[in-house]
Amino acid sequence: MERRGESQPDRVTVRTLARLKRNQQKIVCLTAYDFPTARLVDESGVDLILVGDSAANVVYGLETTLEIGMEEMLYHTRAVAAAVERALVVADMPFLSYQVSWEQAIANAGRFLKAGAEAVKLEGAGPVVETTRRLVELGIPVMGHLGLTPQSVHKLGGYRLQARKPEEQERLEADARQLEAAGCFALVLEKVPAEVAQRVSAALAIPTIGIGAGPDCDGQVLVLHDLLGLSAGPPLKFVRRYAGLSDEIRRAVAEYAADVRAGRFPGEEHTFHTDEGR
Ligand code: KIV
């Protein structure tokens, strides 16, 4: 029987991430939502692939992540897990799949593991700390997420920079320590000042994964569509675009349309005839 992390030494596990932090090596994370992009991201050597609930925004075109549910997230998790051979696959638990009761959180987290994820991500602290502790006790690895937590967008009053005031910074650090004590194997820090992320990263033994949290986190994560230039609108301040795939797709589709309209496609090489060999 093939067991991850044992007979396949190259595969990334939660222990690999802990080792990378100990060795002060940066952890590379990206989101993916489907088979072909997950395969390419995995082949490119990314350490952790997050099936993010940002699928709500970049795949479904929805305004907030509140609108995506368990069934959609399971569907994307299955597709990603089927493609990935090396990276650790983490599934984002969607809004209200873990907040109502820890019993429901356990049942839903279990569905993600059955779909092929190796860990789940939960946003926030407070009651989520106890849920995290129970999941970890049952053998389900949990990644935390603090700072800007998009499922709380209405409470936060928008997608603003978090932990600006000293008391908010103290709260964030205390929450981070509680999540670590509850057994999180890593912690996403989203849209917080670099100085705050640096302090939290130094205070924790588990790796921090930053997005809009400066260069001193133990790793970085971006939404794949932002990095590839597939998202609509100008890039956010914390995003670097490494490709312009929107332009490339528009060019390819326009060329195809022009070829069809001019009778240049299909060509002789794409065409079958009655005398074709079987
Ligand atoms: O849903 C997501 O893509 C995320 C990352 C931005 C961390 O939570």
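Counting starts at 1 for both ligands and their atoms, following the listed order.
- Of the protein's non-hydrogen atoms, the one nearest atom 5 (C) of ligand 1 is L50 CD2, 3.7 Å.
- Atom 2 (C) of ligand 1 has S54 OG, 3.2 Å as its closest protein atom, hydrogens excluded (heavy atom only).
- Residue Y33 has no nitrogen or oxygen atom sitting less than 3.5 Å from a nitrogen or oxygen atom of ligand 1, judged on distance alone.
- For the pair S246 (side chain) and G229 (backbone), a donor-acceptor distance under 3.5 Å is present.
- The atoms of ligand 1 that sit less than 4.0 Å from any heavy atom of T31 are 3 (O).
- Taking OG1 from T31 and CG from D226, the interatomic distance works out to 7.5 Å, rounded to the nearest 0.5 Å.
- Here E195 does not pair with R199 in a salt bridge; the nearest charged N to carboxylate O distance is not below 4.0 Å.
- Using a distance-only test at 3.5 Å, with no hydrogens or angles considered, a donor-acceptor pair links the side chain of K21 to the main chain of I206.
- Atom 8 (O) of ligand 1 has K121 NZ, 3.0 Å as its closest protein atom, hydrogens excluded (heavy atom only).
- Atoms of ligand 1 lying under 4.0 Å from any heavy atom of G52, numbered from 1 in the order shown and given with element: 1 (O), 2 (C), 3 (O).
- Within the listing of ligand 1, atoms 8 (O) sit less than 4.0 angstrom from a heavy atom of H145.
- Side chains of S54 and N57: no donor on one and acceptor on the other come within 3.5 Å.
- Nearest non-hydrogen protein atom to atom 6 (C) of ligand 1 is I211 CD1, 3.7 Å.
- Panel note: side chain Y33, backbone A79; no donor-acceptor pair is recorded below 3.5 Å.
- Under the 4.0 Å criterion applied to side-chain N and carboxylate O atoms, R250 and D247 are assigned as salt-bridge partners.
- Contacts between D92 and ligand 1 below 4.0 angstrom, taking non-hydrogen atoms only, involve the side chain exclusively.
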